[in-house]
Amino acid sequence: MNFRAVSPSAVASDGWDVVVIGSGFGSLFFLHEYLKRHPQQRVLVLEWGSHHSRQWQLEHRKNSAIDHGSTISKDGAKDWNFNIGLGGGTNCWQGMAARMHPHDFELRSRYGVGFDWPISYDDIAEYYDAAEAIMMVAGDKEAGTVFPGAGRFPQDQHKFSATERLLKAARPDTFFAAPQAKLSTRVGNRAGCCNNGTCSLCPTGAKFYAVENMAELWGAPNLAICTGARVRRIEATGPKADAVVFESEGREFTARGELIVLGANGIHSPFILQQSEITDGGPGDYIGEKMLAFVEVFLDGMDHFDGGTATTGYELSYIDGPHRARHGAVQYWTNNSFLWGGLRLDPPHRYREVLPLGITVEDLLFKENTVVDDGGDVPTVRHAGFSDYAHKGLDFAIAQIPEVFSALPIEAIELRRILPTADQIQGSLRMGSDPETSVVDAGQVHHRLRNLLVVGTSVFPTTSWAAPSLTCAAMSLKLGTEI
Ligand SMILES: Cc1cc2nc3c(=O)[nH]c(=O)nc-3n(C[C@H](O)[C@H](O)[C@H](O)COP(=O)(O)OP(=O)(O)OC[C@H]3O[C@@H](n4cnc5c(N)ncnc54)[C@H](O)[C@@H]3O)c2cc1C
Ligand code: SF4
């Protein structure tokens, strides 16, 4: 992959039309549209990590030379997972590319809990289509019965397993092929998915990885990339952000820009604002994510694991409904890989008679869960753990399994564990209409500094049940089109 690399000193000697901080989902999908519409502008990306090719990642069995855990400190048991490197989370993600439900944007007005988003599903519906096209999502052509307008996926859905075919026949309105940014059919040098389930390190290129699969963006003549550039702060005068101060090889440099785009993830973006003393709306507050649990459903005389990708199906009976006033929305995924579970070892030869289920449960976000600048070199994330809202949602989800999966010959159900993180940081730079309680407005523009945009999942006011990156990408495409 070729891109125009610039050195820190060259960056500092020039003025830029746009300075983008970070190169993950939020930044890259913004740039995908913005660069096309502003070919005369000079755009700079400052990225803390390096470019690690897919080959490098496979050889080193990791996504980055920087251990993400060393870049934060924790106050609380909860883990957080993200990637520092060119392409951000597009390197390590699993490719789950679900849309949110229209009611996810109206949690407060419909169910009296959480917050409403200042945008609606309809506002981003056309950009969902565009994001699915860019990522070449394989999905279910009938998805439009739940998500208005969905179903025009560029790739056919991945093959269901025998168990999933039964589930689809029994619950056609709520069980669907899971949307995956993983090819079901080869395109060029991207092979179709081989279902080995190591998706954070995909050997075949089936999974969408922005550094390889957004060639047009990286080749834009007006784009310059400076890697190894850790952004420390943003300088502002009055209502305008003027410059970005970054550190490279122990020295500080300054990049001046007319438009500044902050996309450094849900922990580092608020830390940058805190270090800049730009504290309007409480950057860092309300950080959180959904709960992710892993359950094994033991089957009597029926084999599983013959589906086409690592996670083939999702069950949507409880992603919405009046229960959300009492506990979180619930999504079940049917897994086809041994990533979290294993074969059955109880005799005789019943190895495949088990269905690994992932369960995601929406959680509420609280002000007290926050990113703190406590004077150290890295941000501290203070989090009290998942709330009762999520725990009650998980209890409900497990209680419903016999009914929801009644098409299967269930022998036993066992909760294996609640994972320490769902790998999805949300909520620390929320979008909203009130500058007292949110950092950016409905257009992702900082309430006071009107030439500062925030991109990425940090702007989400709620977690929903859905993996966030497709929604983040759609919002960024909209922003890159409209700004
Ligand atoms: C293992 C794993 C699996 C996942 N699977 C899925 C999935 O299947 N589906 C899904 O929807 N989501 C998944 N996610 C979540 C997904 O990765 C995030 O939702 C997404 O990356 C968030 O986008 P973002 O733009 O906010 O941040 P990121 O994509 O993390 O991008 C932030 C960028 O900023 C850079 N950066 C950070 N700090 C600085 C700084 N100070 N200066 C300069 N640059 C900086 C980072 O290096 C990175 O390039 C997964 C995450 C992980 C870790
Ligand atoms: S299952 Fe294998 S081929 Fe498919 S996306 Fe995951 S790692 Fe890549």
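What you see below is based on every heavy atom in this structure, not just the backbone, and it leaves out hydrogens, waters and symmetry mates. Nothing fancy with the numbering, it's 1 onward along the sequence. In listed order, ligands and their atoms are each counted from 1.
- Ligand 1 has P468 within reach: a non-hydrogen atom of the residue lies less than 4.0 Å from it.
- Distances from atom 41 (N) of ligand 1 to the heavy atoms of N265, T471, V231 put V231 nearest.
- Side-chain rings of W93 and Y209 stay apart, their centers remaining 6.0 Å or farther from each other.
- In summary, R256 and D14 do not engage in a salt bridge, as defined by a charged side-chain N under 4.0 Å from a carboxylate O.
- Distances between N or O atoms of C472 and those of ligand 1 include no value under 3.5 Å.
- Residue contact check for ligand 1: S269 places no non-hydrogen atom closer than 4.0 Å to it.
- Of all the atoms in ligand 1, the ones that sit under 4.0 Å from a non-hydrogen atom of S200 are 1 (C).
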Checklist line | F115 and Y286: CA distance, side-chain angles, deciding distance, ring-ring contact (aromatic ring centres under 6.0 Å, His included) verdict | finding: CA-CA 11 Å; F115 302 95; Y286 297 96; 5.5 Å; yes

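- In this structure, R232 fails the cation-pi test against F246, since its NZ or CZ atom is not both closer than 6.0 Å to the six-membered ring centre and inside 45 degrees of the ring normal.
- Residue contacts with ligand 1 for Q94 involve both N, CA, C or O and side-chain atoms from C-beta outward (heavy atoms, distance under 4.0 Å).
- Between the choices S469, G263, A473, A310, the shortest heavy-atom distance to atom 16 (C) of ligand 1 belongs to S469.
- Nearest-heavy-atom check against atom 43 (C) of ligand 1 across W48, F25, F29, F271 picks out W48.
- Ligand 1 has no N or O atom lying under 3.5 Å from any N or O atom of Q424, backbone or side chain.
- Between E132 and R99 there is a salt bridge, since a side-chain N of the basic residue sits under 4.0 Å from a carboxylate O of the acidic one.
- Here's the thing with T90: none of its N/O atoms is less than 3.5 angstrom from an N/O atom of ligand 1.
- Polar contact with ligand 1: present for E47 (N/O pair, distance under 3.5 Å).
- Note on E247 versus R251: no salt bridge recorded, every NZ/NE/NH1/NH2 to OD/OE distance being 4.0 Å or above.
- Considering both main-chain and side-chain atoms, G26 comes within under 3.5 Å of ligand 1 through a nitrogen or oxygen pair.
- No donor-acceptor pair under 3.5 Å is formed between the side chain of D363 and the backbone N or O of M291.
- Close contacts of ligand 2 with T198, meaning ligand atoms under 4.0 Å from a residue heavy atom, involve 7 (S).
- In terms of polar-atom proximity, defined here as any N/O pair under 3.5 Å, G266 makes no such contact with ligand 1.
- One option in G22, A467, P179 has a heavy atom closer to atom 34 (O) of ligand 1 than any other, and that option is G22.
- Although no hydrogens or angles enter the test, the distance criterion places no donor-acceptor pair under 3.5 Å between the side chain of H32 and the main chain of I134.
- Put simply, part of G85 is less than 4.0 Å from ligand 1, judged by heavy atoms.
- Here 1 is the count of protein N, O or S atoms positioned under 2.8 Å from atom 4 (Fe) of ligand 2, waters not counted.
- Residue G89 places at least one N or O, backbone or side chain, under 3.5 Å from an N or O of ligand 1.
- Look at K290 and E362 and you find no salt bridge, because none of the NZ, NE, NH1 or NH2 atoms lies under 4.0 Å from a carboxylate O.
- The shell of residues lying under 4.0 angstrom from ligand 2, judged by heavy atoms, excludes S200.
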